[in-house]
Amino acid sequence: MSIEHVLTVDNFPEWALSALINDDYSGIYEDDAVMLDKFLEHFAEVTHWEVDMDSLEDGNFMRYPAFGLATDCCTVKGYAAEVAA
């Protein structure tokens with residue numbers, strides 16, 4: 001498998017990291033889980049997500065995260081595999 005492209009999201013809500021990386025939705029409100037699922041549906045071609053660990057140390061509060069209300073955010077990268085023809 002080769003990587004076709006990398007998607008970088010600089011405003012991913014930190015509260016959703018456990019669900020993104022470990023598929024662990026415990027502690028996430030139902031409305032927030034729906035927003036996260038819609039985000040993931042939009043990027044369905046992504047096969048693997050990775051967190052930029054340096055972005056977690058910034059205390060990066062954003063008024064407009066990728067989804068949901070204002071919160072601390074971080075950078076995540078999504079890797080999409082090459083699609084077979």
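Not measured: the values here are computed from a predicted model.
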- Task: Enter the distance from Phe12:CZ to Asn60:CG here, rounded to the nearest 0.5 Å.
- Result: 14.0 Å

- Item | side chain to side chain donor-acceptor pair (under 3.5 Å) partners of Asp52, counting only residues at least two apart | none

- Pairing residues for Ile21 by the side chain to side chain contact (heavy atoms under 4.5 Å, CB included) criterion, not counting sequence neighbours: Trp49, Val51

- Item | Residue pairs passing the side chain to side chain donor-acceptor pair (under 3.5 Å) test where at least one lies in residues 27-37, sequence neighbours excluded | Tyr25-Asp37

- Query: Under a 4.5 Å cut-off applied to non-hydrogen side-chain atoms, are Leu56 and Glu14 in contact?
  - Reply: yes

- Task: Could you tell me whether the side chain of Phe67 reaches within less than 4.5 Å of the side chain of Pro13, counting heavy atoms only?
- Result: yes

- Contact summary for Cys73 and Asp10, nearest pair of heavy atoms: CB-O, 4.5 Å

- The side chain to side chain contact (heavy atoms under 4.5 Å, CB included) partners of Ser18 (sequence neighbours excluded) come to Asn22, Asp24

- Does Leu7 share a hydrophobic cluster with Met35, counting links as ILVMFWY side-chain heavy atoms below 4.5 Å and allowing steps through other members? yes

- Glu41 CD to Leu36 CG distance, which is reported to the nearest 0.5 Å: 10.0 Å

- Message: Are Val9 and Met53 connected into the same hydrophobic cluster when the rule is that any two of I, L, V, M, F, W, Y join if their side-chain heavy atoms are below 4.5 Å apart?
- Response: yes

- Asp72 meets the side chain to side chain donor-acceptor pair (under 3.5 Å) criterion, sequence neighbours left out, with none

- Message: My understanding is that only residues two or more places apart in sequence, or in another chain, count here; which of them pass side chain to side chain contact (heavy atoms under 4.5 Å, CB included) with Ala70?
- Response: Phe61

- Task: Report yes if the side chains of Leu17 and Cys74 come closer than 4.5 Å at any heavy-atom pair, otherwise no.
- Result: yes

- Who passes side chain to side chain contact (heavy atoms under 4.5 Å, CB included) against His48, sequence neighbours left out? Glu50, Tyr79

- Query: Are Met62 and Val76 in one and the same hydrophobic cluster, where Ile, Leu, Val, Met, Phe, Trp and Tyr link if side-chain heavy atoms are under 4.5 Å apart?
  - Reply: no

- All ring pair (Phe, Tyr, Trp, His ring centres under 6.0 Å) counterparts of Phe43, not counting sequence neighbours: Phe39

